[in-house]
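Below is one structure, written out as C-alpha cells; the observations come after it.
Sequence lines set the chain letters: A, B, ... in the order given, protein chains first and strands last, and positions in each chain run from 1.
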Amino acid sequence: MSAAMRPPPRRTALQWARTNLFATPLDAGLTVILSLGAAWLAWSLIDWAVLQATFTGESRSACKGSGACWALVTARWPQLFTGFYPEGHRWRVAAATLLLLMAAAPFAMRHAKAWTYLLAPAGIVLAFMVMGGAHVLPGVPSEYWGGVFLNLLIGVTGAIFALPIGVLLALGRRSNLPIVKALSVGFIEIVRGVPLITLLFMASVMLPLFMPTGVTLSRLMRALVVITLFEAAYMAEGVRGGLQATPDGQREAAKALGLGPVRTTLLVVLPQALRIAIPALVNSFIGLFKDTTLVFVIGLLEVTGVARQALADYAWQGKDVEAFAFIAAVFWVVCFAMSRFAAALERAPKVKPVQEPA
Amino acid sequence: MSSPAIQAQAVHKWFGQLHVLRGVSLDVAAGEKVVVLGPSGSGKSTFIRCLNGLEAYEEGRVLIAGADLKGPKKEAEAARRKTGMVFQAFNLFPHLTVLENCTLAPIWVRKVPRKQAEEEAMALLERVRIAEQARKHPAQLSGGQQQRAAIARALAMQPEIMLFDEPTSSLDPEMVGEVLQVMTELALGGMTMVVVTHEMGFARQVADRVAFMDAGEIVEIAPPEQFFTAPQQARTREFLSKIL
Ligand SMILES: Nc1ncnc2c1ncn2[C@@H]1O[C@H](COP(=O)(O)OP(=O)(O)OP(=O)(O)O)[C@@H](O)[C@H]1O
Ligand SMILES: [Mg+2]
C-alpha cells in the first residue's frame, strides 16, 4: 500500500483534547477554569429550574422553595397558549395550529412540488375559518384569540404573504420602468427605516381612515397588514441579493430559447435567486416571529400580553422571571427549529439524488 | 427561391461611445457553415449575439430567413425563433435536470405536451451521446457533457440556424474533441451554422467559409482553403501568423 492510499491516522478523543484544550499551560488553565465555570452555571440553573422549583399551585404562595415558581405557567397554560378562547372550543386552536404548520411545511421541505405552495394560503384561510367559526362553528371574534397561538398565527401569515410581496418588490427594484422602480425603492427604504412599533401604532389609527365607510378592520387584521408589509420590505432585500447573484448568462440562455421576460423570471431566475436568498429569508423570518410580541401595543393578547396580565394579578405578582423565561424558551425552540430547517435546506445538494441505472 | 438563412446588412453597434460593430455585412445561405475568427475584442460575440436579438444594434438590418429582427413584433419573434445559441459558459439551468433543461422551452414556448417534449429531448440527448445523464443536474456533468447538453437544449427548439460562441473555449483540452465531434455531425446533417471559434482544425474541416473580424469589421471572408493558404489582407496574414 502506497503512502498516498493509506487512510489518515485516526485521532482519539484524548489526542484531540491534547491538541485543542491542553496544548500549553495557559490553554490548560483556561480550559479548567472555563469548564468549572460552565459546570457551576449549569448546576445552578438546574437547581433553580428543576430541583428546587415548584410546578403546581393556585398562586405564588404555593411556591415555598428557593427555586423557580412554574406554578404560574401550569396554572395559566391555556391562556399562555390560546389566550381567552372559550374553554370548550380549545380544540379549534389546536386544529388551527396544525393547519398553520401544514401551511408552512412546503417551505421546510427540500424538494416540495410547486403546487404544494398553494397549500400555504389555503391552510391559513382554513385556520382563520376554524378559529372564527365561519358561520359553521359558533363564532369567536378575534379579540378572544391570543397566547403563543396568536404569535404563530401572525408570524406564519405574515411570512407567507410577505414572501410574494417581497419578491415583487425586489423585482420592482430592478425594473427598467422608472415609476415601478421608484415606488419599490421608496417603499422598501421607508419601511425599513422605521421601527415596527411605530408602524403598528400608526396603523391602528390610520388604516381605518383608508377604509370605505362601514368597513371596520379588526385589530388583528391591522396588525397583520402592518407586519406583512414590514416583513415584505426586509424580504425584498434578501431576494434582491439572490437576483443579483444569479448570472446574466441564465437570462441570456432563456431569452435565446425564446422564453419571454415573465417566464424567464418565473422559471429560470427566481428558483435560483430564492435558493441563494434562503439564509437571508430565514433570518428575517426569525426576526419577524420575535417581532410578533410587539402587537401587544395595539392591544392584542399575544403571549407576552397574557403573561403581563397574569403578572398584574395579585396571585402571581413578582414572578416575572419565570413568566419571561418560559416565553423565551418557547421562542427559542421555534426559532432554533427554523434555523436548523434552513441549514438543512441550504446543505441539501442542489440536486435531487440520482438513481444510477443498475 | 428562398431567401438566405441570414442576411446581415451594414450592422452598426455602439456600447456608449465605443463603436463595436462598424458596418458588418454577412449573408449565410441555408445549410452553409461560417466560422468567424478574430482577435479578442474584435466584436465576434457582439455580432453573433446581434443575430438572435440578444444584443440590439443601432444601424443596419438583420434578416433571418427573410424575417426582419427589427420588424413588427410577430415577425421579429419568428425571426428569433429560427436561431439556437450555444454559449462559451454553457449557461445550463442549474436547478433543472439535463432533461428538464431540454424540455423547458419546448413545453412553454413551443407548447409541446410534456410527454412528447421528453421523447424529443431524449432523442436529442441520444444524438449528443449523453442520454444516460438525462436525470442528472448540470453540476454533476463534466464540461464536455454540459456543453453537449446545451447543444441538445438549443436543438430542442428546432432551430434552422445554430449560433456557437466559442463553444469549446472553457473546456479542458481532453473534452474539446467530443463537443467538436457533435458539432461536426450537426454540420453533416445540413444545419446552417455560424461558429465563433479558435479551433482551426474545425474551421478547415467543416466551414464553407471563414470570416476574419478585426476592430468591428469583417476584414476578409473566403473558403477555408483560400483563407488559410492565400489570405488577401495584411491584417489576416498577421493574425494567422500569430495563431498558426
Ligand atoms: N456589455 C458591454 N458593454 C460595454 N462594452 C462591451 C460590452 N460587451 C462587449 N463590449 C466591448 O465590445 C468590444 C467587442 O466585444 P466582443 O465581446 O464582441 O469581442 P469578441 O471578439 O467576442 O472578443 P473575445 O474573443 O474576447 O470573446 C470589446 O471592446 C468589449 O470590451
Ligand atoms: Mg467573445
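Note that CG of Asp248(A) is 11.0 Å distant from CG of Leu54(B), once rounded to the nearest 0.5 Å. Annotation: the span from Gln250(A) atom CD to Leu92(B) atom CG amounts to 8.0 Å, rounded to 0.5 Å. With rounding to the nearest 0.5 angstrom, the CG atom of Leu274(A) is 10.5 Å from the NE2 atom of His95(B). Here the CZ atom belonging to Arg263(A) is positioned 11.5 Å from the CD1 atom belonging to Ile107(B), to the nearest 0.5 angstrom. Atom NZ of Lys255(A) is separated from atom CZ of Arg80(B) by 5.0 Å, given to the nearest 0.5 angstrom. Atom CG of Leu259(A) is separated from atom CG of Leu104(B) by 5.5 Å, given to the nearest 0.5 angstrom.
Using a 4.5 Å cut-off between heavy atoms, Ala154(B) contacts chain A through its backbone alone, with no side-chain atom that close. Heavy atoms of Phe93(B) lying under 4.5 Å from chain A belong to its backbone as well as its side chain.
Paired with Leu257(A) under the rule side-chain contact (heavy atoms from CB on, under 4.5 Å), one option of Met85(B), Arg153(B), Arg110(B) passes, and it is Arg153(B).
The stretch residues 154-180 of chain A places none of its residues near chain B, where near means some heavy atom under 4.5 Å from a heavy atom of that chain. Within residues 59-70 of chain B, no residue approaches chain A closer than 4.5 Å by heavy atoms.
For CZ of Arg129(B), the number of neighbouring non-hydrogen atoms (other residues, nucleotides, ligands) closer than 6.0 Å is greater than 12. Atom CZ of Phe187(A) has more than 12 heavy atoms from other residues, nucleotides or ligands within 6.0 Å.
A donor-acceptor distance shorter than 3.5 angstrom exists from the side chain of Asn91(B) to the backbone of Gly249(A), with no hydrogens or angles considered.
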